[in-house]
Amino acid sequence: MGRLSRDYRRSSRPRRAGDASAGIIARFRARPIVSSRTWLPVLGLLAVAVTLGSGHVCARLAFTNGVNVLTAATLRSLCAALLLFVLLRLRRTPVLPLPREFGSTLVLGLLIAAQTVLIQVAVALMPATLAILFFYTYPFFTGLGAALLGDERFSGRLAAALVAAFAGLALVLGVGAEPVSLAGLAAALGAALSFAAAVVLTPRLAPGIAAPLRTFYMLAATAALFVAVLSATLDVQLPQTEPGWIGLAGLTLFYATGIIALFLLLPLLGPVQSSVVLNLEPVAVAIIAWIALGEALTGTQIVGALIVVAAVIFFQATARRG
């Protein structure tokens, strides 16, 4: 009887609101939220692919209305560096004094600058579809680089996803049997190697610097290099028409937003998964060009887009289970 009365008194005692809320929070925290942790960065990279794809469509509009590559590269790099600087100031993150690892971020900046120049050279020397297709060999180089550095094993699952995505991209871009410029091919592969190196080395170089600050130093170095070249050559070519100005503004803002988000999300998924997801970028370009410029997609391109999407989903889903 005594034990029963004690149990009754314990259970009938009114519970405080704080105890109840604490219990609910504890039960909520105990539930696994693996799916949101895994898929939210993937959705972020999907937004990055759409944003960068929008920038490519705007770049096409700007280049056909008098803008040259150097002017566009300088403005978009400056915009990216200034936008990230404003975000750092809003977070009260000091930019100075420079950390000891600052020199490593300059290497990343040079790699991004090399990728920007080389891909534009490739587009100038060969059909744009071929240049973009050869550039998208960079996921292969990213996987190989990560495997050589011991970051991730180059598995059959990764190889299957990359091959399927590459085949889908060939269909999306409508690549046929066309003569290939060896110089253009070298430029496109050089751009792929430069970008793959930047993606693989970003988590390794300057690990003591937080990702936002590291990204700012990298983009500032890229912008400084282009400003120096533009100042030396004075080769500024601005748009001559209103659509050209719209294209220049679009490529500047979309690139700045996309490249910042990419290198901030990169530490969450790693270089290999990020590169696989970014195979969706040319698909986004084709869809946006269809909507904005009226460039209709063929049935073959739609099939290719579905293959790329399926390859990305397959790789990400199996990565979650692993």
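This structure is a prediction, so every number in the text was calculated from the model and none was measured. Only heavy atoms go into these numbers, but all of them, side chains included; no hydrogens, no water, no symmetry mates.
Each side-chain hydrogen bond (donor to acceptor under 3.5 Å, both in side chains) pair with one or both residues in residues 196-214, not counting sequence neighbours, appears once here: D151-R204.
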| query | Do V67 and L238 pass the side-chain contact (heavy atoms from CB on, under 4.5 Å) test, and can you show the C-alpha distance, the side-chain angles, and the key distance before you say yes or no? | reply | CA-CA 5 Å; V67 180; L238 295 174; 5.9 Å; no
| request: I would like to know whether L278 and L262 meet side-chain contact (heavy atoms from CB on, under 4.5 Å); could you show each step before the answer? | output: CA-CA 9 Å; L278 287 178; L262 167 60; 3.6 Å; yes
| task | Go through the steps to decide whether L268 and L265 satisfy the test side-chain contact (heavy atoms from CB on, under 4.5 Å), and finish with yes or no. | result | CA-CA 5 Å; L268 300 180; L265 288 170; 3.9 Å; yes
| task | Please test V308 against F166 for side-chain contact (heavy atoms from CB on, under 4.5 Å), starting from the C-alpha separation and ending with a verdict. | result | CA-CA 8 Å; V308 176; F166 189 79; over 6 Å; no
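Proximity of V199 to S275: side-chain heavy atoms (C-beta onward) are separated by under 4.5 Å at one or more points. Side-chain contact between F216 and I260: absent, with no pair of heavy atoms (C-beta onward) separated by less than 4.5 Å. For the pair L87 and P212, the minimum side-chain heavy-atom distance is 4.5 Å or more. Side-chain contact between F263 and I112 is present, with heavy atoms from C-beta onward closer than 4.5 Å. Side-chain contact between V48 and T257 is absent, with no heavy-atom pair separated by less than 4.5 Å. Between L108 and Y217 there is no side-chain heavy-atom pair separated by less than 4.5 Å.
Both W245 and L251 sit in one connected hydrophobic cluster of ILVMFWY residues. Membership requires side-chain heavy atoms under 4.5 Å apart, directly or through other members. Both L52 and I287 are members of a single hydrophobic cluster when ILVMFWY side chains are connected at heavy-atom separations under 4.5 Å. Cluster membership for V227 and L225, using ILVMFWY side-chain heavy atoms within less than 4.5 angstrom, is not shared. Note: the hydrophobic cluster containing V229 does not contain L234 (ILVMFWY, side chain heavy atoms under 4.5 Å, direct or indirect links). In the hydrophobic cluster analysis, where Ile, Leu, Val, Met, Phe, Trp and Tyr join through side-chain heavy atoms closer than 4.5 angstrom, V107 is grouped together with L219.
Partners of Y138 according to the ring pair (Phe, Tyr, Trp, His ring centres under 6.0 Å) rule, which considers only residues two or more places apart in sequence or in another chain, are F135, Y136, F195. When the side chain to side chain contact (heavy atoms under 4.5 Å, CB included) test is applied to T64, no partner is found at least two apart in sequence or on another chain. Evaluation of the side chain to side chain contact (heavy atoms under 4.5 Å, CB included) rule for E101 yields A206, P207, I209 as partners, not counting sequence neighbours. Remark: A183 engages L125, S181 in a side chain to side chain contact (heavy atoms under 4.5 Å, CB included) (not counting sequence neighbours).
Closest heavy-atom contact between L46 and V277: N-CG1, 4.2 Å. Here the shortest heavy-atom pairing between V276 and V312 reads O-CG2, 3.3 Å. Here the shortest heavy-atom pairing between A221 and L106 reads CB-CD2, 3.6 Å. Taking each heavy atom of I307 and A164 in turn, the nearest pair found is CG2-O, 3.3 Å. Taking every heavy atom of both residues into account, T51 and F254 meet most closely at CG2-O, 3.1 Å. Residues G244 and P239 approach most closely at C-CB, 3.4 Å, considering heavy atoms.
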Side-chain atoms of residues 70-85: list all donor-acceptor pairs with protein atoms under 3.5 Å, sequence neighbours left out, distances to 0.1 Å.
unit_1 : atom_1 : unit_2 : atom_2 : d
T71    : OG1    : N68    : OD1    : 2.4
T71    : OG1    : Q237   : N      : 3.0
T74    : OG1    : L70    : O      : 2.7
R76    : NH2    : T116   : OG1    : 3.4
S77    : OG     : A73    : O      : 2.8

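The distance from the OG atom of S274 to the CG atom of L266 is 4.5 Å, given to the nearest 0.5 Å. We find the CG-CZ distance between L193 and F141 to be 4.5 Å, quoted to the nearest 0.5 Å.
Side-chain atoms of T222 come within 3.5 Å of backbone atoms of G109 as a donor-acceptor pair (strictly under, hydrogens ignored).
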